[in-house]
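Beneath this line is the structure, given in structure tokens, with notes to follow.
Hydrogens, waters and symmetry mates are skipped; everything else that's a heavy atom, side chains included, is used. Ligands are counted one by one from 1 in listed order, and the atoms in each one are counted from 1 as well.
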Amino acid sequence: MPSIAENLTLIRTNINQSINARKGGHQAVMLLAVSKAQTSNLVREAYAAGQTCFGENYLQEAINKQAELNDLEIEWHFIGPIQSNKTQSIAQHFEWVHGVDRLKIAQRLNDARAHQSPLQICLQVNISGEESKSGVNPEELITLAQEVTKLPHIKLRGLMAIPEPTEDPTIQRSQFIKMRTLLEQLNQLGHQLDTLSIGMSNDYMVAIEEGATIVRVGSAIFGARPSKH
Ligand SMILES: *Cc1c(COP(=O)(O)O)cnc(C)c1O
């Protein structure tokens, strides 16, 4: 099995290739290593290989890991579903939150962040339109973005999506194009959003070709996640 360092090297090469294959600009891409369900030691191994941004889905697991790794200069991103009773702790323990899809959640994160630098957030969009998926519907996105932009302790950076899982690159691409179009629409309305958080292990290259600026990659770095018991 390839090591974490070898996986990271390969992914960075792929990322650079995809940036060069983009039709639009060559804006940099942040590789976010998704370390949910992985041990602190594996995070340490990735860090030693030059990886500094990590994404976590589960608050308590993340807080434990942060304590074990507090000698490292890691930028932590919260990418999981957000329960409103966890907003205080999320705002205090993370620099970025990707899955904001309701004004109430944004307000609570904002209030909890009053004594720190602004929290960097992305609005999660339900791009596949599946009932079960979290995320704001595209029709409601403009209103939500307008309201969130007014919050002083939050910096709205862009949009995030977890597209419908598919191996079909045409469907993958069309969902990413929809996301890029929504971002462009918001910027035409006067927003200054620079972030498109789309793309995971099986589709990050297509996502970058269509404008991703953050890719959230877990299993391609760490291998398959251990199953929970
Ligand atoms: C788990 C997860 C990822 C990473 O998924 P992989 O397929 O392992 O790369 C990315 N984003 C979110 C929101 C996740 O929950």
Run the side chain to side chain contact (heavy atoms under 4.5 Å, CB included) check on Gln51 and Arg12 step by step: do they pass? CA-CA 10 Å; Gln51 180 63 36; Arg12 288 182 194 130; 4.2 Å; yes
Rounded to the nearest 0.5 Å, what separates atom [atom1] in [X] from atom [atom2] in [Y]?
X      : Y      : atom1 : atom2 : value
Ile11  : Asn16  : CD1   : CG    : 12.5 Å
Ser174 : Ile127 : OG    : CD1   : 9.0 Å
Thr213 : Ile208 : OG1   : CD1   : 9.5 Å

What atoms in ligand 1 come closer than 4.0 Å to a heavy atom of [X]?
X      : answer
Val217 : 9 (O)
Ile79  : 11 (N), 12 (C), 13 (C), 14 (C)
Ile162 : 13 (C)

Hey, is Arg225 one of the residues with a heavy atom under 4.0 angstrom from ligand 1? yes
Nearest protein heavy atom to [atom], by residue and atom, and its distance?
atom                    : result
atom 10 (C) of ligand 1 : Met200 SD, 3.2 Å
atom 2 (C) of ligand 1  : Lys36 NZ, 2.6 Å
atom 11 (N) of ligand 1 : Arg216 NE, 2.9 Å
atom 9 (O) of ligand 1  : Ser201 OG, 2.5 Å

Just heavy atoms, cut-off under 4.0 Å: does Asn202 contact ligand 1 by side chain, backbone, both, or neither? neither
Which segment of Asn57 sits under 4.0 Å of ligand 1 when only heavy atoms are counted: side chain
Sorted by chain and number, sequence neighbours left out, side chain to side chain contact (heavy atoms under 4.5 Å, CB included) with Ile171 holds for Thr166, Asp168, Gln175
Parallel, tilted or perpendicular: ring planes of Phe78 versus Phe94, cut at 30 and 60 degrees: perpendicular
I'd like a table of donor-acceptor pairs (distance under 3.5 Å, sequence neighbours excluded) in which one partner is a side-chain atom from residues 138-146, with atom names and distances.
none

Do the side-chain N and O atoms of Asn41 and Glu45 include a donor-acceptor pair separated by under 3.5 angstrom? no
Do ligand 1 and Gly218 have nitrogen or oxygen atoms that lie under 3.5 Å from each other? yes
